[in-house]
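Notes for the one structure printed next.
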Amino acid sequence: MLKSMLMNKLGFLVLAMVMVMGCSRPSEPTTEAPVASQLTGAVLIDGSSTVYPITEAVAEEFQKLYPQVRVTVGIAGTGGGFKRFLAGETDINDASRPVLTEEVETAVKNGLQFVELPIAYDGLSILVNSKNDFVSTLSVAELKKMWEPGSKVKRWSDVRPTWPAREIHFFGAGTDSGTFDYFTEAINGKAKAIRGDFSASEDDNVLVQGIAGDVDAIGFFGFAYYAANRDKLKLVAVDNGAGPILPSPETIRDGSYAPLSRPVFIYVAAKAEARPEVKAFVDFYLAQGGPLATEVGYIQLPDTIGGLVKQRWASKVAGSVFHGHAKEGQLNLEALLQTSK
């Protein structure tokens, strides 16, 4: 009898426990941070001051999602950045022109593979002081006459006799800049070929200040830096034979602003891509970089080209499609990417 009572009591307790468990609230959804926030590490980037505003904007948004990943972005210039990149000192190089033949040769020598990724369009712009009331257009031939090695142009009247006989003060990108390489090849016919008497800087903000503070200044740099300083500078239309054309999002996108429309790039070291924080950063860059490029004054790639760039990254296609020439630029970018798939 006692044994029967104990068994009945035990059964009642078990039933009560089951009922309590069945009626209790399910466990709350986890409040643990998503995996993204658990990613750690560092991404080291250097290179072009032209590309810097895009990469910096991407880095800021990326670090909101991945707060434990430290992203550092430098502005050594495209050439200076490639020197560090090819020595294995950085993970990514920002570049405002394609990798050069000699840089590819250095990469081979160092056993370094990389993936070349166009990320936006830019229009290399010609600027004068906002108070300049006579220069509104320049032909490519006039630009060459002004900027070529050994140029005899000293005064505005040397360009056009009707212009003032005042001395011109030249400002341009420094020799480590991809903008310098692109401008000299597009205008003077050979990369790095230029007159020697100009004020140079890899920092485009320094060029903005120089031109804005000198009524007889002329210079060149990326369109975004003009867009951010419209009240200080005057944009000059370029005539490549089809009439004067100002750089704008539309003329840069369709390539009619020639020959100074160009793609800009990031280069990713293959060995760095193996690190999850670098892969996550580049994935994010290709997903969000287009709209962010537009926000900071650049021109988003068309969807067709953007899709090819993402395929190139997904397949980790190594090397460059530009054969070491900066001027092999925008109008055939889609065809170049198609052939490299």
Side-chain angles (χ1 to χ4, degrees), residues 43-60 62 71-87 89-100 103 116-127 147 170-187 191-192 194 198-213 217-230 232-233 235 247 252 260-268 281 285 289 292-299 326 329:
V43 182
L44 186 57
I45 306 166
D46 206 344
S48 168
S49 63
T50 300
V51 183
Y52 172 85
I54 308 174
T55 299
E56 181 67 9
V58 171
E60 288 178 3
F62 176 82
V71 183
T72 304
V73 188
I75 50 170
T78 297
F82 266 127
K83 289 174 186 175
R84 297 192 64 200
F85 179 74
L86 298 175
E89 297 176 7
T90 57
D91 304 312
I92 296 170
N93 194 52
D94 290 340
S96 59
R97 49 90 172 149
V99 63
L100 301 177
E103 292 165 341
E116 175 184 74
L117 301 172
I119 46 89
Y121 284 143
D122 174 42
L124 199 161
S125 303
I126 310 299
L127 293 312
W147 287 94
F170 295 87
F171 292 81
T175 56
D176 271 340
S177 168
T179 296
F180 172 82
D181 292 333
Y182 194 94
F183 177 82
T184 51
E185 185 171 338
I187 298 301
K192 303 186 185 301
I194 198 169
F198 72 101
S199 299
S201 178
E202 271 78 22
D203 186 342
D204 292 333
N205 288 307
V206 172
L207 302 178
V208 169
Q209 293 168 12
I211 299 169
I218 188 170
F220 60 88
F221 46 75
F223 180 76
Y225 284 87
Y226 160 72
N229 296 277
R230 293 175 188 270
K232 302 177 184 177
L233 304 166
L235 198 59
I252 294 169
L260 296 177
S261 294
R262 58 178 178 165
V264 294
F265 308 84
I266 60 172
Y267 287 79
V268 186
F281 179 78
Y285 204 129
L292 290 171
T294 300
E295 284 185 19
V296 296
Y298 293 84
I299 291 80

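A quick note: this is a predicted structure, and the numbers were derived from the prediction, not measured. All values below were derived from every heavy atom in this structure, side-chain atoms included, with hydrogens, water molecules and symmetry-related copies excluded.
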Any I45 side-chain heavy atom under 4.5 Å of V71 side chain: yes
Side chain to side chain contact (heavy atoms under 4.5 Å, CB included) between L127 and L235, intermediate numbers included: CA-CA 5 Å; L127 293 312; L235 198 59; 3.5 Å; yes
Qualifying residues under side chain to side chain donor-acceptor pair (under 3.5 Å), relative to D94, sequence neighbours excluded: T55
Side-chain heavy atoms of Y121 within contact of V264, under 4.5 Å: no
Q209 (side chain) donor-acceptor with V206 (main chain) under 3.5 angstrom: no
Heavy-atom closest contact (A120 atom, A293 atom, distance): CB-CB, 4.1 Å
Y182 six-ring centre to R262 NZ/CZ under 6.0 Å and within 45° of normal: yes
Expected output: side-chain S177 to main-chain A173 donor-acceptor under 3.5 Å: no
Closest non-hydrogen atom pair, F85 against D91: CE1-O, 3.4 Å
Where at least one partner belongs to residues 198-213, residue pairs that pass salt bridge (charged side-chain N to carboxylate O under 4.0 Å, His left out), sequence neighbours excluded: none
Among W147, F198, F221, the one residue meeting ring pair (Phe, Tyr, Trp, His ring centres under 6.0 Å) with F183: W147
I92 vs Y285 side-chain heavy atoms within contact, under 4.5 Å: no
Give every donor-acceptor pair under 3.5 Å between a side-chain atom in residues 223-230 and any protein atom, sequence neighbours left out.
from : atom 1 : to   : atom 2 : distance (Å)
Y225 : OH     : S49  : O      : 2.7
N229 : ND2    : Y225 : O      : 2.6

Spacing of L292 atom CG and F62 atom CZ [to the nearest 0.5 Å]: 13.0 Å
Heavy-atom pair with the smallest gap, counting every atom of Y267 and A95: CE1-CB, 3.7 Å
pair V58-F281: side-chain heavy atoms closer than 4.5 Å: yes
Steps toward side chain to side chain contact (heavy atoms under 4.5 Å, CB included) verdict (V73, Y52): CA-CA 7 Å; V73 188; Y52 172 85; 3.5 Å; yes
Pairwise side-chain contact, Y298 with P53, heavy-atom cut-off 4.5 Å (strictly under): yes
Nearest-0.5 Å distance that lies between atom OG1 in T90 and atom CZ in F82: 9.5 Å
Side-chain touch D122/T50, heavy atoms, less than 4.5 angstrom: yes
Chi angles and distances behind the side-chain hydrogen bond (donor to acceptor under 3.5 Å, both in side chains) call for S96, T78: CA-CA 6 Å; S96 59; T78 297; 3.3 Å; yes
Closest non-hydrogen atom pair, P247 against S125: CG-OG, 3.7 Å
I126 and I218, any side-chain heavy atoms less than 4.5 Å apart: yes
Residue pairs, two or more places apart or on separate chains, that pass salt bridge (charged side-chain N to carboxylate O under 4.0 Å, His left out) and touch residues 46-57: D46-R84
For T294, side chain to side chain contact (heavy atoms under 4.5 Å, CB included) partners two or more places apart: Q300
Between CZ on residue F220 and OG1 on residue T179, distance to nearest 0.5 Å: 7.5 Å
OG on S201 to CG on D176, rounded to 0.5 Å: 11.0 Å
Side-chain touch I187/L260, heavy atoms, less than 4.5 angstrom: yes
K192: partners by salt bridge (Lys or Arg N to Asp or Glu O under 4.0 Å), with sequence neighbours left out: D181
